[in-house]
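We're numbering straight along the sequence, starting at 1.
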Amino acid sequence: MRLRILSFLLLLVAALNALASDLYATINGLRAGEGHCSFAERLPPLQPRAELERVAEALARGNGLEQSLRAAGYRATRSNALRFAGDVVGAQLAEMLAQLSYCRQLQDAAVTEVGIYLDAHQVWIVMAAPFAPLLGMSERSAGRRVLDLVNQTRATPRNCGNRAFDAARPVRWSDSLAAASRAHSEDMAHHSYFSHGGHDGTNPAQRVERAGYRYRTIGENIAGGQLQPEDAMSGWINSPRHCANLMNPAFTEMGVAFSVDRKSEMGVYWTQVFGAPR
C-alpha cells in the first residue's frame with residue numbers, strides 16, 4: 001500500500017513539474033506576442049529562478065509577497081504575482097493568461113525573471129526584476145563626466161542654500177584624490193553603510209593622506225543609489241553643504257569614484273573628494 005502511495009506521489013510530482021515546464025513556455029510565448037497577446041516590442045524571455053519558485057510556494061501557503069521575497073533572499077526592484085484558483089492548467093490557463101489584463105503584466109519590460117508554483121488547487125506565478133545596479137560605464141569614463149559637470153557647475157554663480165557663491169575656476173583631475181575616493185566607495189559598498197566616517201574609523205583627511213596626497217584643504221561629497229553621474233551631481237547640487245564643496249574657490253583638484261555591490265543597501269556608492277595641494 002505504501003509503495004502504491006509513493007508511486008502515485010512520484011507520478012503526481014512528475015506531472016506537476018511537466019505542467020510547470022509547459023507553463024514557463026506558455027508565459028514566454030505570450031510575452032513574445034503569441035496567441036491573443038499583441039506586443040509593442042520584442043521582449044526577451046523571462047528566466048526561471050528557484051528563489052521565485054519558493055516565493056510562489058510561500059504565497060500558496062498564505063504569506064505576503066514582500067515577506068516571501070525577503071524569506072527567499074530575493075531582493076527585487078519590481079515584482080508582481082498572479083494567482084489562479086482551481087485545476088486550471090494547460091490550454092485553459094493559457095487562454096486565461098491571454099486576456100488583455102494579464103498580457104500587460106506578462107509583457108512588463110521591467111521584469112526579467114519568473115517563478116511558478118502549482119498544486120491540485122491553485123497556480124501562482126511570480127515575476128520580478130532583481131536588484132542589480134549597473135552603471136554601464138567605466139570608472140574612468142564616469143570620473144571624467146563628473147569632472148566636466150563639476151566645472152560646468154563652477155562656471156556659473158549660484159546659491160547653495162542661503163549662501164551665495166561667485167563663479168569659480170575649474171578644478172583639475174587628481175589620481176590621488178580618485179584613489180582616496182575609490183577606497184571609501186569600496187568600503188561603503190562592501191560594508192553596506194553610508195557615512196563620511198570609514199568602517200575602519202578613518203575620516204576624509206586620513207584617507208587622503210593614506211592615498212599620498214599632501215593637502216592644504218579638502219572636502220568630501222558622498223552619494224548612494226544613483227546609476228548615472230548626472231544623478232549623483234544633481235543630488236550634490238541640490239544639497240547646500242555638498243553644493244558648497246562644488247563651488248568652493250579654494251579647491252583646485254578633484255577625484256571621484258564609485259563602487260557597486262548588489263548585496264549592499266544602496267547598491268552603488270559614490271565618493272567625490274576635492275582638495276588643494278601644498
Side-chain angles (χ1 to χ4, degrees), residues 44 47 49 51-52 66 69-70 72-79 108-113 128-153 160 171 173-204 206-208 210-211 218-246 251 253-275:
Q47 299 301 313
R49 281 290 297 270
E51 294 95 329
L52 292 181
E66 293 301 321
L69 287 166
R70 287 194 299 271
Y74 189 99
R75 187 174 178 185
T77 56
R78 185 180 182 88
S79 61
D108 182 354
V111 297
T112 58
E113 297 179 340
F131 179 74
L134 179 65
L135 269 72
M137 64 177 63
S138 68
E139 181 184 280
R140 181 178 179 84
S141 296
R144 295 302 176 185
R145 177 58 178 156
V146 172
L147 180 64
D148 289 342
L149 292 170
V150 166
N151 286 329
Q152 291 173 24
T153 301
C160 297
V171 292
W173 183 261
S174 165
D175 286 335
S176 296
L177 293 180
S181 299
R182 183 180 309 109
H184 190 49
S185 290
E186 290 176 350
D187 192 53
M188 288 192 292
H190 179 70
H191 295 287
S192 190
Y193 72 94
F194 186 71
S195 172
H196 291 285
H199 181 260
D200 58 358
T202 57
N203 59 39
Q206 291 169 322
R207 291 191 292 271
V208 165
R210 184 182 291 174
I218 62 161
E220 181 181 83
N221 289 342
I222 58 175
Q226 298 85 355
L227 299 181
Q228 298 296 329
E230 291 81 1
D231 296 331
M233 276 294 299
S234 177
W236 289 329
I237 290 172
N238 291 319
S239 166
R241 187 163 57 91
H242 296 89
C243 176
N245 278 339
L246 294 172
F251 296 141
E253 297 184 335
M254 188 208 80
V256 67
F258 66 85
S259 184
V260 177
D261 190 330
R262 65 176 297 177
K263 295 180 180 179
S264 63
E265 181 178 355
M266 293 184 172
V268 182
Y269 294 80
W270 297 81
T271 305
Q272 178 186 54
V273 181
F274 293 95

For the residue pair [X] and [Y], what are the closest heavy atoms and their distance?
X      : Y      : answer
Phe131 : Gly267 : CZ-CA, 3.5 Å
Glu139 : Phe258 : CA-CE2, 3.6 Å
Gly219 : Phe251 : N-CZ, 3.6 Å
Trp236 : Ile222 : NE1-O, 3.0 Å
Cys160 : Ala244 : SG-N, 3.7 Å
Val146 : Val256 : CB-CG1, 3.9 Å

How many angstroms lie between atom [atom1] of [X] and atom [atom2] of [Y], to the nearest 0.5 angstrom?
X      : Y      : atom1 : atom2 : answer
Glu230 : Ile237 : CD    : CD1   : 10.5 Å
Asp261 : Glu186 : CG    : CD    : 10.5 Å
Tyr74  : Arg49  : OH    : CZ    : 5.5 Å
Glu253 : Ile218 : CD    : CD1   : 12.5 Å
Met254 : Leu177 : CE    : CG    : 8.5 Å
Ser138 : Arg145 : OG    : CZ    : 14.0 Å

State, yes or no, whether a side-chain contact exists between [X] and [Y] at a heavy-atom distance under 4.5 Å.
X      : Y      : answer
Met137 : Pro229 : yes
His184 : Glu220 : yes
Leu52  : Leu69  : yes
Pro130 : Arg262 : yes
Ser192 : Tyr269 : yes
Pro133 : Met266 : no

Residue from Thr202, Val273, Asn203 passing side-chain contact (heavy atoms from CB on, under 4.5 Å) with Val208:
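The passing option is Val273.
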In plain terms, say whether Arg207 and Asp187 are close enough for a salt bridge, that is, a side-chain N and a carboxylate O under 4.0 Å apart.
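Answer for the salt bridge query: no.
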May I ask you to check whether over 12 heavy atoms, not counting those of [X], lie within 6.0 Å of atom [atom1]?
X      : atom1 : result
His199 : NE2   : no
His190 : NE2   : no
Glu265 : CD    : no

Ser181-Thr271 side chain donor-acceptor pair, cut-off 3.5 Å
no
Side chains of Gln272 and Asn221 only: does a donor on one sit below 3.5 Å from an acceptor on the other?
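Checked: Gln272/Asn221 side chains pair up, N/O donor to acceptor below 3.5 Å.
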Please confirm whether the backbone N or O of Gln226 pairs with a side-chain atom of Trp270, one donor and one acceptor, at under 3.5 Å?
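Yes, because the side chain of Trp270 sits within donor-acceptor range (under 3.5 Å) of the backbone of Gln226.
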Does Met233 form a side-chain contact (heavy atoms from CB on, under 4.5 Å) with Val150? I'd like the steps, not just the answer.
CA-CA 8 Å; Met233 276 294 299; Val150 166; 3.7 Å; yes
